[in-house]
Amino acid sequence: MAISDTLPWSERLALSIMKRHPEAWQAEDEIKKEWDYKTGLLLTAFGNLYAHTNQKVYYDYIKTFADTLIDASGNIRDYKIEYYNLDLINSGKILFGLYKSTKDDRYLTALKTLRSQLKTHPRTPSGGFWHKKIYPNQMWLDGLYMGAPFYAQYNTSFEKGDKLDDIAFQFKLIWDHTYDDKTGLLYHAWDESKQMDWADKTTGKSPNFWSRSMGWYMMALVDVLDYFPQDHPKRDMLISHLNQLSKTLTKYQDETGLWYQVTNMPERDGNYLEASGSGMFIYAFAKGVDKEYLPAEYNAAAEKGFKGMVDHLVEVDKDGEVHITQICKSAGLGGNPYRDGSFEYYINEPIVTDNLHGTGPFILAALALNQ
């Protein structure tokens, strides 16, 4: 069945994804059912879409994923706490709504399991969560999105909000150690031990600015602020970070409205306008304005960015099916094969279509702008 072009972009893409992949675990042509952060990102967007439209088909898409990955006892398929991987926390956000609507204890058990990871998750000497056990003493900007909104929602829902200072501290710690005075941007990661080959031996900072990593941080800020009361003493600090980075990012916004893969080097050969980072910035700007964290002027930057995505990164098939192009498939630091964080590394990671890093933020951005 054709997808109508009279629908909002948010629904056009969501229905396209469901048409291509009837179950969410398949959404990147996967053959293995996995509890992973990318599906959590996509289904967070579907949760917002359900809240916006009240169309049960979007709720069912989320619930079917949860019921496929969580067994009758509330165990998450192949989840192991000893991996201490912040990425595995992110999909837990979908369980709050499912538990609220069903009161099914399986979802509460899974929520408690993920919360227990954060209680014993390794930390750097300064107190920051390691990104993963396999990346000791490292904080990545990505990790703030993976862990902080879940941590804040759980803590305010079930624990009387007694950990909000710790959550705010995570944002400040990585800000202080990745912020660059010259550009106003944030480096991708920080190794407190300064042992990694990619880490500056004086500061521990990684060598380059990756738009998606800052996008993760920006989305984490606007989402975590949902759980900070107006009178919380750390709330203004988080809003200040959002404003400061937003102001800087508008300076790097291309005339198309989009942002480059390596944010500050638009002229360098091989750099390209990248969908996931752009979508994340657009969402953060639009939600930031809506929640009055950001001045109204950022809505224009968000609108310009969304138009840029539609004009340059969206393809529509003859049956109305929507595709998002120019998405960096994946990027990180260290590991095997070794990722050195160089400009050449970031631009040579595969560029793909319909990857969840790009589709999830596009839906979030579209919803935030009523598009």
Side-chain angles (χ1 to χ4, degrees), residues 1-79 87-88 90-102 104 106-107 110-111 275-276 279 283 309-310 313-327 329-330 350 352-367 371:
M1 190 173 77
I3 296 168
S4 171
D5 62 5
T6 63
L7 289 168
W9 281 109
S10 56
E11 291 198 76
R12 291 172 70 182
L13 180 55
L15 292 170
S16 299
I17 292 167
M18 294 169 70
K19 182 179 178 183
R20 292 190 287 266
H21 306 290
E23 291 199 35
W25 66 265
Q26 307 166 321
E28 285 194 323
D29 299 315
E30 297 288 350
I31 57 172
K32 185 181 177 185
K33 297 170 183 176
E34 287 189 312
W35 181 262
D36 71 284
Y37 74 91
K38 289 180 289 182
T39 312
L41 171 63
L42 179 69
L43 294 183
T44 296
F46 269 71
N48 286 15
L49 193 56
Y50 173 62
H52 191 80
T53 65
N54 205 34
Q55 294 293 315
K56 191 168 179 289
V57 65
Y58 303 127
Y59 173 87
D60 290 344
Y61 199 62
I62 300 167
K63 188 173 186 299
T64 299
F65 173 77
D67 292 348
T68 302
L69 275 292
I70 298 172
D71 70 16
S73 300
N75 300 305
I76 302 168
R77 178 192 289 256
D78 295 333
Y79 169 83
D87 287 350
L88 298 178
N90 188 51
S91 284
K93 293 183 299 191
I94 68 173
L95 301 176
F96 293 102
L98 292 174
Y99 179 63
K100 184 177 181 180
S101 63
T102 66
D104 188 329
R106 292 180 305 133
Y107 303 136
L111 282 164
S276 67
Y283 166 67
M309 290 198 77
V310 171
L313 303 180
V314 169
E315 293 179 354
V316 182
D317 292 348
K318 60 181 182 296
D319 66 351
E321 197 175 310
V322 176
H323 303 276
I324 309 297
T325 67
Q326 287 179 218
I327 305 166
K329 184 177 182 181
S330 184
V352 294
T353 295
D354 293 334
N355 178 281
L356 306 191
H357 292 112
T359 55
F362 182 87
I363 294 171
L364 289 168
L367 282 168
Q371 297 265 11

Problem - His357 versus Tyr37, side-chain donor and acceptor atoms under 3.5 Å - result: yes

Problem - Pair listing, salt bridge (charged side-chain N to carboxylate O under 4.0 Å, His left out) test, anchored in residues 41-57, at least two apart - result: Lys56-Asp60

Practice task
Decide side-chain contact (heavy atoms from CB on, under 4.5 Å) for Val316 and Arg12; before the verdict, give the C-alpha distance in whole Å, the side-chain angles of both, and the deciding distance to 0.1 Å.
Solution key: CA-CA 10 Å; Val316 182; Arg12 291 172 70 182; 3.9 Å; yes

Handout entry: Smallest separation among heavy atoms of Ala66 and Ile94, with atom names
Key = CB-CD1, 4.3 Å

Problem - Partner set under side-chain contact (heavy atoms from CB on, under 4.5 Å) for Arg20, not counting sequence neighbours - result: Leu13, Ser16, Ile17, Glu321, His323, Asp354

Practice task
For residues Leu98 and Thr102, report the shortest heavy-atom separation together with the two atoms involved.
Solution key: O-OG1, 2.6 Å

Handout entry: pair Leu95-Ile70: side-chain heavy atoms closer than 4.5 Å
Key = yes

Practice task
Return the minimal non-hydrogen interatomic distance between Arg77 and Thr68, and the atom names on each side.
Solution key: NH2-O, 3.9 Å

Exercise for the section: Hey, could you give me the OG1/CG distance between Thr325 and Leu313, rounded to the nearest 0.5 Å? Expected result: 4.5 Å

Problem - Side chain to side chain, Val352 and Glu28, heavy atoms closer than 4.5 Å - result: no

Problem - Over all atoms of both residues, closest heavy-atom pair of Ala365 and Gly279 - result: CB-O, 3.8 Å

Handout entry: Derivation and outcome, side-chain contact (heavy atoms from CB on, under 4.5 Å), residues Phe46 and Leu43
Key = CA-CA 5 Å; Phe46 269 71; Leu43 294 183; 4.3 Å; yes

Practice task
Could you grab the distance from atom CE of Met18 to atom CD of Glu23, nearest 0.5 Å is fine?
Solution key: 10.5 Å

Practice task
Nearest 0.5 Å please: distance from the CH2 atom of Trp9 over to the CD atom of Gln371.
Solution key: 9.5 Å

Problem - Closest non-hydrogen atom pair between His21 and Tyr61, with its separation - result: O-OH, 2.8 Å

Exercise for the section: Please lay out, stage by stage, how Ile363 and Leu42 fare under the test side-chain contact (heavy atoms from CB on, under 4.5 Å). Expected result: CA-CA 8 Å; Ile363 294 171; Leu42 179 69; 4.3 Å; yes

Handout entry: Gap between atom CG of Asp87 and atom CG of Asp36 - 0.5 Å precision
Key = 8.5 Å

Exercise for the section: For Leu111 and Gly92, work out which heavy atoms get closest and say how close. Expected result: CD2-O, 3.6 Å

Handout entry: Glu34 side, atom CD; Leu69 side, atom CG - distance, nearest 0.5 Å
Key = 9.0 Å

Problem - Sub-4.5 Å side-chain heavy-atom contact between Val322 and Val314 - result: yes

Handout entry: Pair Leu364-Asn48, side-chain contact (heavy atoms from CB on, under 4.5 Å): steps then yes or no
Key = CA-CA 7 Å; Leu364 289 168; Asn48 286 15; 3.3 Å; yes

Exercise for the section: Report yes or no: does Ser73 contribute a side-chain atom to a donor-acceptor pair with the main-chain N or O of Asn75 at less than 3.5 Å? Expected result: no

Practice task
For the residue pair Tyr283 and Pro361, establish whether any side-chain heavy-atom pair is separated by less than 4.5 Å.
Solution key: no

Handout entry: With Tyr50 via side-chain contact (heavy atoms from CB on, under 4.5 Å) - residues at least two apart
Key = Asn54, Tyr58, Tyr59

Handout entry: Atom pair CH2 (Trp35) and CG (Asn90), whose distance is rounded to the nearest 0.5 Å
Key = 9.5 Å

Exercise for the section: Flag the pair Arg106 and Asp104 as a salt bridge only when some basic side-chain nitrogen lies within less than 4.0 angstrom of an acidic carboxylate oxygen. Expected result: yes

Practice task
Output yes when a side-chain donor or acceptor of Asp317 lies under 3.5 Å from a complementary backbone atom of Gly320, and no otherwise.
Solution key: no

